K.L.:
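Have a look at this one.
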Number of protein chains: 2
Amino acid sequence: MDITKDKLAFIEESGLLMETFGLTRMAGRVFGYLMVCDQDAVSFDDIRDTLSASKGSISATMKMLVNTHFIEAVSLPGDRKTYYRISRNRPGDLIRSRFRLFDLFGGLLDKAAQLKNRNDETGAWLQETAGFYRWIQQPIEEAIRQWESNPNIAAHATRENGTKTRDG
Amino acid sequence: MDITKDKLAFIEESGLLMETFGLTRMAGRVFGYLMVCDQDAVSFDDIRDTLSASKGSISATMKMLVNTHFIEAVSLPGDRKTYYRISRNRPGDLIRSRFRLFDLFGGLLDKAAQLKNRNDETGAWLQETAGFYRWIQQPIEEAIRQWESNPNIAAHATRENGTKTRDG
DNA sequence: CATTTGGTTCATTTTTTATTGAACCTTTTG
DNA sequence: CAAAAGGTTCAATAAAAAATGAACCAAATG
């Protein structure tokens, strides 16, 4: 409801940016609002009012954001409303799920390499690149795990020097 | 032109998959065709015929794919046509450019953390997650560099074949 | 059991995005 | 210089995606 001008601007910014992630603009706005709102969790109608959107649109948007694990629903005893807040995901989970796209892309390259009958430069590129996509999954998962095992040390290491330590 | 049924199917598959990357379906088809075609580089009209699309659509699509570095134009002496082929990118470049999106997302989280005035659970999550996005850039760049410094060794882990060397 | 609350659903409308095709450039060729 | 090749541009159209709002439904309340 009573939300500052700069937060509203931020919400619009979030809408535009998250469109580039394949969400709808409305979903980006909702996520933006949940990021900067003062309450810990916000009701359907609060979101609807703040964003001046229709019930139908908010309903669809909330479902989508919950399904993609960006947000989660919260219910309270003695209260019929549903509240929503940003998911308590491990930070790496979004990258993990995005990386599945790279994996799919690698699979496509693989398939192309097999369909191709001429063994030209492009064929070699396909094989090399498909191999890369297969290979990169592991180091990335490792990096994420490293952070998860000790976020603070990892954060500290980057700010001090760029030295990557490995004790997994 | 004379293209097999399974390649056409692959091209459509590529169109659908690359839509999830934010390209148009047509761009995905073109990229798919360039992946599996027998020629090393293919002319505008060849693409147009194979995909049964209009000049305007192909023209816009080729520009878009060239601008995003998915493909590159090739010209030949004594030939007025422009040919196109898959870019000879280093395999990591696509991931690099996609990672800029994560960086933007991290920036958004940072901004949110600053706008927020209450220091609740979500506030803590924002800070932690923004930190993670800042931190992860480095290990990923390192992993990509590791592959680039010796693709074959890394590739060997996953495949027997694919002995291709690069020299700038 | 009638009302209210808190949504969901879905046909319709609005908005956005992609495609077409004709007109139009710019080089090259005869 | 006329004609053709090889595209590009852009107004019009088609197709897809998102938002609206009214009808609807289930659970809780009086």
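Letters go in sequence order (proteins before strands), and every chain restarts at 1. These numbers were taken from a predicted model, which means no experiment stands behind them.
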K.L.:
Ion pair present between A:Glu12 and A:Arg25, side-chain N to carboxylate O less than 4.0 angstrom?
P.N.:
no

K.L.:
Quick one: which protein N/O atoms are closer than 3.5 Å to N/O atoms of nucleotides 5-8 of chain C? Pair and distance per line, please.
P.N.:
| from | atom 1 | to | atom 2 | distance (Å) |
| --- | --- | --- | --- | --- |
| C:dT5 | O2 | A:Arg80 | NH2 | 2.4 |
| C:dG7 | OP1 | A:Thr82 | N | 3.2 |
| C:dG7 | OP1 | A:Thr82 | OG1 | 2.9 |
| C:dG7 | OP2 | A:Thr82 | N | 3.4 |
| C:dG7 | N7 | A:Lys55 | NZ | 2.3 |
| C:dG7 | O6 | A:Lys55 | NZ | 3.2 |
| C:dT8 | OP2 | A:Ser59 | OG | 2.5 |

K.L.:
Suppose the criterion is ring pair (Phe, Tyr, Trp, His ring centres under 6.0 Å): which pairs have a residue in residues 34-81 of chain A, not counting sequence neighbours?
P.N.:
A:Phe31-A:Phe70

K.L.:
Do any of residues 17-30 of chain A sit with a heavy atom less than 4.0 Å from DNA chain D, and if so which?
P.N.:
A:Thr24, A:Met26

K.L.:
For a 4.5 angstrom cut-off between non-hydrogen side-chain atoms, does B:Val30 reach B:Met18?
P.N.:
no

K.L.:
What's the shortest heavy-atom distance between B:Gly28 and B:Ser14, and which atoms?
P.N.:
O-OG, 2.8 Å

K.L.:
Rest of the hydrophobic cluster containing B:Leu16 (Ile/Leu/Val/Met/Phe/Trp/Tyr, side-chain heavy atoms under 4.5 Å)?
P.N.:
none

K.L.:
Parallel, tilted or perpendicular: which describes the rings of B:Phe132 and A:Trp147, with under 30° parallel and over 60° perpendicular?
P.N.:
perpendicular

K.L.:
Donor-acceptor pairs are to be reported for all side-chain atoms of residues 54-63 of chain B against protein atoms at under 3.5 Å, with residues two or more places apart or in another chain.
P.N.:
| from | atom 1 | to | atom 2 | distance (Å) |
| --- | --- | --- | --- | --- |
| B:Ser54 | OG | B:Ser57 | N | 3.2 |
| B:Thr61 | OG1 | B:Ser57 | O | 2.8 |

K.L.:
Restricting to pairs with a member in residues 81-114 of chain B, which pass ring pair (Phe, Tyr, Trp, His ring centres under 6.0 Å), not counting sequence neighbours?
P.N.:
A:Phe21-B:Phe105, A:Phe99-B:Phe99, B:Phe99-B:Phe102, B:Phe105-B:Tyr133

K.L.:
Which residue lies toward the 5' end of DNA chain D, A:Gly78 or A:Ser54, if each is placed at its nearest nucleotide?
P.N.:
A:Ser54

